[in-house]
Amino acid sequence: MSKLAGKVAVLTGGASGIGRATVECLAAAGASVVFCDIPPAEATRLRDSLGKAGILHYASQPSKDDGDGAALAEKLGDDVVFVPADITDDAALESVFTTAVERFDRVDILVNNAGVCGDEGSITSVDPSLFDRTIAVNLRSAWLAMRHVVPLMVTVGGGSIINIASVFALRGMAGYGAYAASKAGLVQLGSVAAMELASEHIRVNAICPGSVLTPMHYANDAIGRRDPADAAKMLRHAAPIPRAGQPDDIAYLAAFLASDDSSFITGQTISVDGGATAEFDSRPRMLSALDLGGMGGPQ
């Protein structure tokens, strides 16, 4: 598959989960990829420096095959480059785009994937530092990335910006005010950008993942750590399609939106959630799962 041959992608938060799957998918489709993340050696220092908000940065101990951006880039070859960066630092973020241009001469694709999430408590009790960090990573950094990439895309005649949002942008969930606000803001920021940039042939779309099995669900101190197999069992009841979403489910759509096959698609918000947001009433399905013993005990 080489639908992205000759194209250059920049992706944030690419060392694990959906980001890692998307790096691999874009590279397999022929794109050169420059991606960033917080390197494992810096994660503990960052967590400590952020105080209460540090708990949001859960991937401090990568597994042997997930969480290490440098190792992923080495595995995928010379056309994939890892740049260590905290994307809330605009200078560090700019260096990612500088690297892409210096190495590959252009940028055609931006995937704003980096995100943090935690059980925040109510909107009246959430710690302000946690709220601010969530907005900074999930929303403000995406805006900064768009500011950097748009001039680069204009010079090559267009491009595709893909914002990884969440079904929480579309539905209310108690205890996730900052996260939901950041993702809803990302969706609407993308909608505005799509209208502003259409004349430059720059497309902007959002993907809203549902319950996808990533370290955010099973290796996140801000939510609670659990065995990945237990997390998968829990998530299989989160949507009408009875399985957990997989990172590749999102990555394949991102690759399509990055390609010329989607050249007349912009300003769209696409849910990849197993039917969860289309479901009018989940109670009959949940009761059926309980009757079958599928939701018993800690998950």
Side-chain angles (χ1 to χ4, degrees), residues 12-13 17-19 21-22 56 110-123 126 130-131 133-143 145-146 160-196 203-214 216-217 220 222-223 231 234-254 256-258 262 265-286:
T12 64
I18 290 170
T22 305
L56 292 168
L110 168 64
V111 183
N112 281 314
N113 170 76
V116 294
C117 176
D119 187 358
E120 308 160 15
S122 72
I123 60 171
V126 58
L130 191 150
F131 191 100
R133 183 68 183 179
T134 301
I135 296 296
V137 174
N138 295 2
L139 178 57
R140 188 174 185 274
S141 70
W143 165 67
M146 284 191 271
S160 177
I161 298 172
I162 302 152
N163 294 323
I164 307 300
S166 168
V167 293
F168 279 31
L170 311 173
R171 298 288 188 271
M173 173 67 94
Y176 292 90
Y179 182 73
S182 69
K183 294 300 188 177
L186 182 58
V187 167
Q188 198 59 20
L189 179 67
S191 296
V192 172
M195 297 302 96
E196 293 181 351
R203 299 178 293 108
V204 189
N205 294 287
I207 301 174
C208 288
S211 297
V212 177
L213 186 64
T214 69
M216 187 175 281
H217 280 287
N220 187 347
I223 294 175
M234 177 186 70
L235 295 177
R236 74 171 182 241
H237 301 295
I241 294 179
R243 69 167 174 87
Q246 297 297 322
D248 282 346
D249 294 324
I250 313 304
Y252 293 147
L253 177 56
F256 167 70
L257 292 174
S262 62
I265 300 175
T266 196
Q268 301 306 301
T269 302
I270 306 172
S271 294
V272 183
D273 63 358
T277 52
E279 188 174 34
F280 179 74
D281 186 355
S282 65
R283 288 173 295 180
R285 180 171 53 78
M286 292 297 191

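Here the structure is a predicted model, which is why all the values come from computation and not from measurement.
- Contacts of Ala136 classified as side-chain contact (heavy atoms from CB on, under 4.5 Å), with partners at least two apart in sequence or in another chain: Thr88.
- Residue Glu120 holds its CD atom at 5.5 Å from OG1 of Thr134, rounded to the nearest 0.5 Å.
- For Phe256, there are no ring pair (Phe, Tyr, Trp, His ring centres under 6.0 Å) partners two or more places apart in sequence or in a different chain.
- You'll find the side chain of Val204 stays beyond 4.5 Å of the side chain of Glu196, heavy atoms only.
- The CG atom of Leu110 sits 7.0 Å away from atom CG of Asn163, with the distance rounded to the nearest 0.5 Å.
- Across all non-hydrogen atoms, the minimal contact from Gly210 to Asp273 is CA-CB, 3.7 Å.
- The two residues Ala254 and Thr22 make their nearest non-hydrogen contact at CB-CG2, 4.0 Å.
- With a 6.0 Å radius and a threshold of 12 heavy atoms from other residues, nucleotides or ligands, Ile123 has its CD1 atom at or below the threshold.
- The CD1 atom of Ile162 sits 5.0 Å away from atom CG of Leu257, with the distance rounded to the nearest 0.5 Å.
- Looking at heavy atoms from C-beta onward, Ile207 lies in side-chain contact with Ile164 at the 4.5 angstrom threshold.
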Let's go through Cys208 and Val187 carefully: what are the C-alpha distance in whole Å and the side-chain angles of both, what is the deciding distance for side chain to side chain contact (heavy atoms under 4.5 Å, CB included) to 0.1 Å, and is it a yes or a no? CA-CA 9 Å; Cys208 288; Val187 167; 4.2 Å; yes

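- With rounding to the nearest 0.5 Å, the separation of CG in Leu186 from OG in Ser141 is 8.5 Å.
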Before giving the answer on side chain to side chain contact (heavy atoms under 4.5 Å, CB included), spell out for Asn112 and Met146 the whole-Å C-alpha distance, their side-chain angles and the decisive distance to 0.1 Å. CA-CA 9 Å; Asn112 281 314; Met146 284 191 271; 4.0 Å; yes

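- Under the salt bridge (Lys or Arg N to Asp or Glu O under 4.0 Å) criterion, Arg171 pairs with no residue at all, not counting sequence neighbours.
- Going from atom CG of Asn138 over to atom CZ of Arg140 covers 13.5 Å, rounded to the nearest 0.5 Å.
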